[in-house]
Each structure stands twice: as structure tokens, then as C-alpha cells.
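What follows is a short report on a single structure.
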Amino acid sequence: MKFFLCILALQQLYVLSVAQDFDFFYFVVQWPGAYCDSRHSCCYPKTGKPAADFGIHGLWPNYKTGGWPQNCNPDSTFDELRVSDLMSNLQREWPTLSCPSNDGVHFWTHEWEKHGTCAESELDQHDYFEAGLKLKQKANLLHALTNAGIKPDDKFYEIKDIERAIKEAIGFAPGIECNKDSSHNSQLYQIYLCVDTSASNFINCPVMPHGRCDSRVQFPKF
């Protein structure tokens, strides 16, 4: 009996340690014009076409070694009631473009259960989604780019100029991920910003994501 209790305690300790063991967050936003160009189809959410702005993809715990935890607590499920006061902001700032058209709950459920549960040592469910919303407002990436003359107008821009504009705005270098549209143009798709474990402050990235981009990339209209 003592042996069984010892094993059970070790299992619980392991689950707890996995949930707490991360070094930083990737805060990831995506450009909707590139998402729709890179997919066979994209669908606007039931609330209508999102604004022509970066939308939040996720807030992802990561390790300095390059890996990441996921699905850390199967008992912690997404609960709309816990984020009811954030719902209008989530619909606007964290929209889904997946098909068929939907209300976003499936997307937020996925993000919480895969990524958010691995940050429960720092953030409960409400704090997790609120942190993502605050980080988007704090970064204000579209404003940073347009101020540098980089606009979503289907034109091509130097990737180094995009990186420089973001670094000047937030103080830290971003990771950039690109996609290819049907004409094989390299497009600005996702931007990764590194954040401390409190999900409050941008930091230097311990590990940069492996995004493949041409030296010049298109910033597509949406």
C-alpha cells in the first residue's frame, strides 16, 4: 500500500512539475491576409470579417532548449464562463479563420488545453487570455510597421526592415515566419515575440523560431 501511495505521489509531482516547467512564452500573432492566401480556404468568424490587423494565434510556453510542453492538464478544460468578460475582446483580437465559420470557442479551447494548461503555475484561465490581449495591445505591431512605411498593400518589403521596425518599437528582435501563396510569393505570415513567464514583459528570445522567409516578403492586403 505504501509503495502504491509513493508511486501515486510521484506521478502527481511529475504532472505538477511538467505544468510548471517552462522558461518563457512565445506570443504569436498572424496576419489574416497571409493566412487566407496560404490555405485552400479560410472562413470569417460568425461575428463577421476581422479587422485588417494582426490577430492573436497563441501564447505558448517554451523551453530554452528549443522544445515545449503541451497538454499538461487534461482535467483543466476551457470554460467560456471564466472568460465571459473578455469575450468581445477575444472575438476582435483573437479571431478564428478556420472553416466552417464558427464562434471561436473551438480555437480558444485548443489554445488553452494545448498551451495554457502548461502555464497554470503562473496564470489561471482568465489571466492567460487576458495576458494575450494585453500583450497585443502593448506590442501594437501594425502601428509599428505602418509608422516605418511598411503597409499591408500587397507590396514587397525587406525582411530586415520589418525586423528593425518591430525591434525599434518593442525593444527586442522578433521571430518572423513566412508562407508561400499560390504564386509562390513569400509573405509575412506570423510574428513571434518572446515574453517572460509572468506573460507581462517582452524579452530577448532565448531561442528563435525557425521561420523561412525570402529576403523580400509581400505584406498582403486583407
| Pair Asp214-Ile159, side-chain contact (heavy atoms from CB on, under 4.5 Å): steps then yes or no | CA-CA 7 Å; Asp214 293 347; Ile159 194 74; over 6 Å; no
| Which pair of non-hydrogen atoms, one from Phe222 and one from Cys36, has the smallest distance, and what is that distance? | CE1-SG, 4.1 Å
| Donor + acceptor pair across side chains of Asp85, His126 (<3.5 Å) | yes
| query | Taking the inter-plane angle between the rings of Tyr35 and Tyr189 on a 0 to 90° scale, is it parallel (under 30°), tilted (30 to 60°) or perpendicular (over 60°)? | reply | tilted
| said: Let me confirm one number: the CH2-SG distance from Trp60 to Cys118, rounded to the nearest 0.5 Å. | reply: 13.0 Å
| query | Quick one: do Trp94 and Leu86 end up in the same hydrophobic cluster if we chain Ile, Leu, Val, Met, Phe, Trp and Tyr together by side-chain heavy atoms under 4.5 Å apart? | reply | yes
| field | Pair His106, Asn102: side-chain N/O donor-acceptor within cut-off below 3.5 Å | value | no
| query | Is the closest side-chain heavy-atom distance between Ile176 and Cys178 below 4.5 Å? | reply | yes
| message | My understanding is that only residues two or more places apart in sequence, or in another chain, count here; which of them pass side-chain hydrogen bond (donor to acceptor under 3.5 Å, both in side chains) with Ser101? | response | none
| task | Can you sort out the partners of Phe27 under ring pair (Phe, Tyr, Trp, His ring centres under 6.0 Å), two or more places apart, ordered by chain and number? | result | none
| query | With the 4.5 Å side-chain cut-off for hydrophobic clustering, are Ile191 and Ile170 part of the same group? | reply | yes
| task | Just say parallel, tilted or perpendicular for the rings of His57 and Phe107, cut-offs at 30° and 60°. | result | tilted
| query | Does the side chain of Ile56 come within less than 4.5 Å of Val28's, by heavy atoms? | reply | no
| said: I'd like to know whether Val83 forms a side-chain contact (heavy atoms from CB on, under 4.5 Å) with Phe78, so could you lay out the CA-CA distance, the side-chain angles of the two residues, the decisive distance to 0.1 Å, and finally the verdict. | reply: CA-CA 9 Å; Val83 295; Phe78 179 74; 3.8 Å; yes
| query | Out of curiosity, does Tyr192 fall in the hydrophobic cluster containing Phe24 (side-chain heavy atoms, cut-off under 4.5 Å, transitive links)? | reply | yes
| Shared hydrophobic cluster for Tyr63 and Tyr26 (ILVMFWY, side-chain gaps under 4.5 Å) | no
| Same cluster (ILVMFWY, side-chain, under 4.5 Å), Ile203 and Val29 | no
| With a 4.5 Å heavy-atom cut-off, do Phe156 and Asn185 have their side chains touching? | yes
| said: As an exercise, state the distance from SG of Cys213 to CG of Leu188, rounded to the nearest 0.5 Å. | reply: 7.5 Å
| What's the shortest heavy-atom distance between Gly55 and Pro95, and which atoms? | CA-CD, 4.2 Å
| field | Value rounded to 0.5 Å, distance of CG in Leu141 from CD1 in Ile150 | value | 11.5 Å
| task | Give yes when the SG atoms of Cys42 and Cys99 are nearer than 2.5 Å, otherwise give no. | result | no
| said: What I'd like to find out is whether the side chain of Glu80 reaches to under 4.5 Å of the side chain of Met87, using heavy atoms alone. | reply: yes
| With a 3.5 Å cut-off and no angle check, do the side chains of Asp79 and Gln125 form a donor-acceptor pair? | no
| query | Is the backbone of Arg216 close enough, under 3.5 Å, to the side chain of Glu158 for a donor and an acceptor to pair up by distance? | reply | no
| field | Interatomic distance, Lys134 atom NZ to Leu59 atom CG [nearest 0.5 angstrom] | value | 13.0 Å
| message | Quick one, Cys43 and Ser98 - any side-chain contact, counting heavy atoms below 4.5 Å? | response | no
| said: If you compare all heavy atoms of Ala173 against all heavy atoms of Met208, which two are closest, and at what distance to 0.1 Å? | reply: O-CE, 3.6 Å
| remark: So OG of Ser200 and CD of Glu122: to nearest 0.5 Å the spacing works out to 9.5 Å
| query | So Asn71 and Glu113, side chain to side chain donor-acceptor pair (under 3.5 Å) or not? Walk me through it. | reply | CA-CA 6 Å; Asn71 301 310; Glu113 293 181 357; over 6 Å; no
| task | Quick one: closest heavy-atom pair of Ala139 and Leu193, and the distance? | result | CB-CD1, 3.8 Å
| request: Find out whether Arg92 and Pro50 are in side-chain contact, i.e. whether some heavy atom of one side chain is under 4.5 Å from a heavy atom of the other. | output: no
| message | Can you tell me if Lys155 has over 12 outside heavy atoms packed within less than 6.0 Å of its NZ? | response | no
| Backbone of Phe25 reached by a side-chain donor or acceptor of Asn62 within 3.5 Å | no
| remark: Closest heavy-atom pair, Gly58 versus Glu111, reported as atoms and distance to 0.1 Å, is CA-OE1, 3.5 Å
| Does a donor on one side chain sit under 3.5 Å from an acceptor on the other, for Glu120 and Ser76? | yes
| request: Could you please spell out the steps behind the side-chain contact (heavy atoms from CB on, under 4.5 Å) verdict for Phe202 and Lys138? | output: CA-CA 9 Å; Phe202 297 119; Lys138 185 176 183 178; 3.8 Å; yes
| message | Within this structure, what is the OG1-CG distance for the pair Thr96 and Leu90, rounded to the nearest 0.5 Å? | response | 12.0 Å
| query | Is it the case that Lys151 places NZ or CZ above or below the six-membered ring of Phe219, under 6.0 angstrom from the centre and within 45 degrees of the axis? | reply | no
| said: Just so I know, are the side chains of Leu97 and Pro32 near enough to count as touching, which here means a heavy-atom distance under 4.5 Å? | reply: yes
| said: Centre-to-centre under 6.0 Å for Trp108 and Phe129, is that the case here? | reply: no
| task | May I ask you to decide whether Asp53 forms a salt bridge with Lys136, counting only side-chain N to carboxylate O separations under 4.0 Å? | result | yes
| query | Parallel under 30°, tilted from 30 to 60°, perpendicular over 60°: which one fits the rings of Tyr128 and Trp112? | reply | perpendicular
| Does a donor on one side chain and an acceptor on the other come within less than 3.5 Å for Asp196 and Ser198? | yes
| request: Flag the pair Trp31 / Phe54 as yes when their ring centroid distance falls below 6.0 Å, and as no otherwise. | output: yes
| request: Would you please say whether a donor-acceptor pair under 3.5 Å links the side chains of Thr117 and Asn73? | output: no
| task | I would like to know whether Asp124 and Arg82 meet side-chain contact (heavy atoms from CB on, under 4.5 Å); could you show each step before the answer? | result | CA-CA 10 Å; Asp124 64 23; Arg82 297 183 68 180; 4.0 Å; yes
| field | Side-chain donor or acceptor of Asp154 paired with backbone N/O of Lys221 under 3.5 Å | value | yes
